[in-house]
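To start, the structure itself, in structure tokens.
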Amino acid sequence: MNNKKTTINDVARLSGVSKRTVSRVINNSTKVGKATREKIQSIINELNYSPNAQARGLAARRSYLLGLIYDNPDALYINDVQRGVLSVCREFGYELVVHPCDMKSDRLNEEAVQFATRSKLDGVIILPPISENNDLAGVLAQAGVNYVRLAAMALDSTDHVVISNERSAAAAMAEYLLELGHRRIGYIAGPRGMKSTRERLEGFCDALEKHGCKPARDMLARGAYTYESGVDCAKTLLSNPAPPTAIFASNDEMAVGAINAAREMGLRVPKDVSIAGFDDSILATRITPTLTTIRRPVKEMAQLATSKLIASIDGRVDDARVGIMVDARLVMRNSTRRIL
């Protein structure tokens, strides 16, 4: 049968059910039994039937649009998030609308609500650091906008957040560098005021203190999660009269900046200084030497957040309320080595 001529009436007739039941299957409703759902889906596949998106939205009283709200300088992180979100959107028939914004704007909350309502979004996913803004979450909830936040700690009820355990991940990196024999370990932190910055820094410092290696003030530099800030911070640390034998940058872009800064100063990585990062972005395996880092499963977190958001939209309360904390893990590569 020609796809252009196939209608929902054809699917209903061949399935032996009503149009309403077919519509429920198309819209992923939980009100249809497994056997009936599978039968209808088989007919849909056989006919190569694709429901009109506008009609589908009207029938379900939704737009099948999700939004992504962010202000993050790390383009690689944003790319991983979008790939994760889109993979789930395709599965459930949603489209994605992105909304980069300025977290310092006085109109941030107002503009976010306008974005969601003007675009008739069914829900939004909010990325750090904006996801740490509790006022924004509050105004979205007040406006009736479904949302899920990606965060480094529990900021909200379980139906509104997916968490990565960044404190323990940073601690694991500190312990690994200590095991390699390093005692003067430089740390390039992220921007002030961000909870992810605090979680990673405190995890790093707590691990050092636990092993009797008190963090030195001259071994801490403040970056901005950008390549350029990694270069500047590494140069500051390596110009110290007693420079670090290892540097842990709290994201991969800054770590790559640190590697290139060390080279500019005539130092060899890892022979003269070990350097590690955080995220395991695509940069980690494209720099020489390849980067020891923390693998934060960004794409997986984005997938989980999208599934949680769609569960809320569908009214699947139990699925939406499942608590999710994703563990990051250490990935050892060539940019670090044991002190001989």
Side-chain angles (χ1 to χ4, degrees), residues 72-80 128-129 152 164 166-180 182 184-191 194 196-201 203-205 207-208 215 219-240 243-298 328-339:
N72 191 310
D74 190 339
L76 296 171
Y77 173 81
I78 299 300
N79 180 63
D80 282 346
S164 58
E166 299 182 12
R167 180 182 288 256
S168 66
M173 180 63 79
E175 291 172 352
Y176 170 66
L177 294 174
L178 289 169
E179 288 172 7
L180 293 180
H182 298 282
R184 282 189 64 79
I185 304 173
Y187 184 79
I188 303 178
M194 292 175 58
S196 61
T197 295
R198 189 181 70 193
E199 288 293 293
R200 296 178 194 184
L201 177 58
F204 170 76
C205 291
L208 292 186
M219 289 292 97
L220 173 64
R222 182 71 62 177
Y225 286 152
T226 61
Y227 170 86
E228 293 78 11
S229 68
V231 171
D232 294 340
C233 289
K235 286 181 177 179
T236 298
L237 293 171
L238 294 170
S239 296
N240 196 293
T245 60
I247 293 175
F248 176 24
S250 57
N251 82 339
D252 287 349
E253 281 208 41
M254 294 194 296
V256 170
I259 288 175
N260 287 331
R263 285 179 179 149
E264 287 180 27
M265 299 175 72
L267 299 173
R268 296 161 296 179
V269 179
K271 188 169 185 179
D272 298 320
V273 58
S274 290
I275 295 178
F278 196 113
D279 279 337
D280 199 26
S281 70
I282 194 171
L283 284 176
T285 54
R286 294 193 175 179
I287 186 73
T288 302
T290 54
L291 185 66
T292 293
T293 187
I294 295 294
R295 177 172 294 163
R296 183 171 53 147
V298 173
R329 67 181 183 86
L330 174 66
V331 179
M332 294 169 282
R333 296 197 180 98
N334 299 326
S335 64
T336 52
R337 76 165 195 162
R338 183 174 300 279
I339 292 181

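Listed by chain and residue number, D280 satisfy the side chain to side chain donor-acceptor pair (under 3.5 Å) test with R295 (two or more places apart in sequence, or in another chain). Taking A221 as the reference, C233, L237 meet the side-chain contact (heavy atoms from CB on, under 4.5 Å) condition, with sequence neighbours excluded. With sequence neighbours left out, P215 forms a side-chain contact (heavy atoms from CB on, under 4.5 Å) with C205, L208, E209. Residues that satisfy the side-chain contact (heavy atoms from CB on, under 4.5 Å) test with N260, not counting sequence neighbours, are Y227, V256, R263, I287. R184 is linked by a side chain to side chain donor-acceptor pair (under 3.5 Å) to D218, counting only residues two or more places apart in sequence or in another chain. Under the rule for a ring pair (Phe, Tyr, Trp, His ring centres under 6.0 Å), F278 has no partner lying at least two apart in sequence or in another chain. Residues satisfying the side chain to side chain donor-acceptor pair (under 3.5 Å) criterion with D232, sequence neighbours excluded, are absent altogether. For the side chain to side chain donor-acceptor pair (under 3.5 Å) test, residues two or more places apart in sequence or in another chain that qualify with S164 are E166. Remark: E264 engages K235 in a salt bridge (charged side-chain N to carboxylate O under 4.0 Å, His left out) (not counting sequence neighbours). Scanning for salt bridge (charged side-chain N to carboxylate O under 4.0 Å, His left out) contacts around R338 gives an empty result, with sequence neighbours left out. Partners of T285 by side-chain contact (heavy atoms from CB on, under 4.5 Å), not counting sequence neighbours, listed by chain and number: R333.
Residues S274 and V269 are not in side-chain contact: their nearest non-hydrogen atoms beyond the backbone lie 4.5 Å or more apart. The side-chain heavy atoms of E253 and Y77, taken from C-beta on, include no pair separated by under 4.5 Å. Taking the side chain as every heavy atom from C-beta outward, L76 and D252 never approach each other to under 4.5 Å. Looking at N79 and I282, their side chains never come closer than 4.5 Å, going by heavy atoms from C-beta outward. With a 4.5 Å cut-off on side-chain heavy atoms, M219 and I185 do not count as touching.
Applying the ring pair (Phe, Tyr, Trp, His ring centres under 6.0 Å) test to every pair with at least one member in residues 248-274, sequence neighbours left out, gives these pairs: Y187-F248, F204-F248.
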